[in-house]
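Scope of the values below: all heavy atoms of this structure, side chains included, with no hydrogens, waters or symmetry mates. Reminder, nothing fancy here: chain letters follow the sequence lines and each chain counts from 1.
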Amino acid sequence: MITAMYIHLQGIKTALAERMAYRGDFFMSTFIMLIVEFLVPLVTYLIYANGASFPGWDMYEVLMVQAIFLLSRGIAFPFFFGMVWNTIERVREGTFDLILIKPRSVLHMAIVTGFDAEDVGKFFGGAILFIVSIVNVPFPGLLEWVTFLALFCVSLIVMFGFALILSGLGIVWIGNYRVYEIFFSVTNFGMYPASIFSKSIQTIITSILPIAMLGFIPASAMLGRPAEGTFFSVIISFVFLSICLLFWKTMLKRYTSAGG
Amino acid sequence: MVGGKVRHIEVLKATAFATYKEWAAYRSHMAVSLFVGPVFFLVQVFIWSAVYSTQSTVVGFNLEQMILYYGIASIINYLIYDSCDWNLQMLIRTGKFITFMLRPVSHCYFALCQKLGHRLLALWLEFIPVYLLFTFVFKINMLPANAFWALVSISLSFILVFLTNYCIGITGFWLTKTEGLRRAFLVMRDLCAGTLVPLTLFPGFMQRILFFLPFQYITYVPIRVFIGTYELAGIELSIPEIVGMQALAVIVMFFVYKILWYLGVKRFTGVGA
């Protein structure tokens, strides 16, 4: 475990050192990542600023859903979601083989060598929005905080599941960076209160593909009005992770080393 | 003179065809749009349906018009999409650009021909299927108010996106790695062009600023021409007037490109080749 963490830290250190070769571009990219995170909340702000609203939700409650989603993505993207790009790039170039021959788990190496430093900006974007939201809603009690933190950890598990799917797809769908767009489009459902969607969509995002766990469910717990079927969604999230792991391993077996 | 034009057409045909063939090998990548576009659109339908459940109009748009706005924005994007900025900065950074300096055709023209070939492929792989999906599945009336002006406006937008992106690519002569600048520009462009929300949703003072920026001519103007009315910051213009202004923006952008190119290309040293 300690060795694994040491390797992980070395991966982060190397990625940062590499990125610092173009530090001007790095700082600008990080800042832009932060700004980009405000685009969806900006749309929400504009909707409310024009006198419209999402029925049953005030602006800061909706922003809370989006802040938690962005916070989850802000942790996932720099620390483990980079394995998606890393896998696609390496498979296309033919350098994925180098990971296979390392005396470590392939998955671990794909994560370690895929640390994305500039995505840290996403985390700060989410954190700023979270602070803005939390000071404008009734302050949550201890129970709400504990429930929220537990559900937030589950949201990271779901994020990891998505990273596994996209990375697995990258092994067989050579050079297709557009898998990110699939992720962004599907997870868009998690950035808004589930109540605005139809019943069938609500069922899908809570009980089949736990997208609501990325923002809506932890936010509802934080706001003191837990979403219906939260416990079931937690179980589904773990099932989802297991299926994703299985999928990734199956895709890895299908790797043909034909790149380069 | 005539010979030169014929040669240009030959270059256009050959480059566009080669790009088309090259990208056709990755057609499954482009086909991702068949999933992504409608899913993004579906989310917008739900968002705005919820918003309109409490009121009948928002900034002068009713629900049908708002959904139509996003539908048109989505399909126009398939026609005008461009990545010449990334290509150019990559060529400069890696030194591969040096081969273009030896070719008897300007890189800008070559890149425009590439875009044409790429978008021709997108026409049948992305635009037509999504257009049909929006029309028959989402039941949106996707017919332009005036086909001629819509076509002119989209064509001008096609060139304007290319020129603005190309100018971003040219900054590679100074910055070497322009990924950060490119991202900043894309964010600002999408926000100020009306891709994310109709520009009339912004506060009045912002609308007045946006009116004088070139970004509205990329998405907002083609959409409004498609719908058949134009209004921003309380200014209402006829369709020929706003398309005329769009043409003017293209001309201005062309001169900006020329100046940037003149200044930038002098700095190219071929390092990395």
Subject >> A:Asn176 side chain near B:Tyr26 side chain, heavy-atom distance below 4.5 Å >> reply: no
Original post:
Going from CG on B:Leu191 to CG on A:Leu42, what distance comes out if it is rounded to the nearest 0.5 angstrom?
Top reply: 5.5 Å
Original post:
Taking only heavy atoms into account, what residues of residues 163-170 of chain A are found under 4.5 Å from chain B?
Top reply: none
**OP:** Keeping the roles fixed (side chain from B:His29, backbone from A:Val179), state whether a donor-acceptor pair exists under 3.5 Å.
**Re:** no
Original post:
Nearest 0.5 Å, what's the CZ-CZ distance between B:Phe35 and A:Arg178?
Top reply: 12.0 Å
**OP:** Under 4.5 Å heavy-atom distance to chain A, tell me which part of B:Ser49 shows up: side chain, backbone, both or neither.
**Re:** neither
Subject >> Pairs of heavy atoms under 4.5 Å with chain B: top-ranked of A:Val40, A:Asn188, A:Val36 >> reply: A:Asn188
Original post:
Taking atom CZ of A:Phe124 as the centre, does the number of heavy atoms from other residues, nucleotides or ligands within less than 6.0 Å exceed 12?
Top reply: no
Original post:
Considering only heavy atoms, which portion of A:Thr30 lies under 4.5 Å from any heavy atom of chain B: side chain, backbone, both, or neither?
Top reply: neither
Original post:
Where on A:Tyr192 is there a heavy atom nearer than 4.5 Å to chain B: the side chain, the backbone, both, or neither?
Top reply: side chain
Original post:
Given a strict heavy-atom distance threshold of 4.5 Å, which part of A:Leu39 is in contact with chain B: side chain, backbone, both, or neither?
Top reply: side chain
Original post:
With sequence neighbours left out, what residues match A:Thr113 under side chain to side chain contact (heavy atoms under 4.5 Å, CB included)?
Top reply: A:Asn86, A:Arg90, A:Ile99, A:Met109
Original post:
In Å and rounded to the nearest 0.5 Å, what is the CZ to CD1 distance from A:Phe189 to B:Ile47?
Top reply: 9.0 Å
Original post:
Checking heavy atoms, do the side chain of A:Ala49, its backbone, both or neither come under 4.5 Å from chain B?
Top reply: neither
Subject >> chain A contact residues among residues 63-72 of chain B, heavy-atom distance under 4.5 Å >> reply: none
Subject >> Side chain, backbone, both or neither of A:Tyr45 within contact of chain B (heavy atoms, under 4.5 Å) >> reply: neither
**OP:** Heavy atoms only, distances under 4.5 angstrom: which of A:Gly51, A:Pro55, A:Ser195 has the most pairs with chain B? Name it, please.
**Re:** A:Pro55
Subject >> Contacts of residues 192-205 of chain B with chain A (heavy atom under 4.5 Å) >> reply: B:Leu196, B:Val197, B:Leu201, B:Phe202, B:Pro203
Original post:
Rounded to the nearest 0.5 Å, how far apart are CD1 of A:Ile32 and CE of B:Met188?
Top reply: 9.5 Å
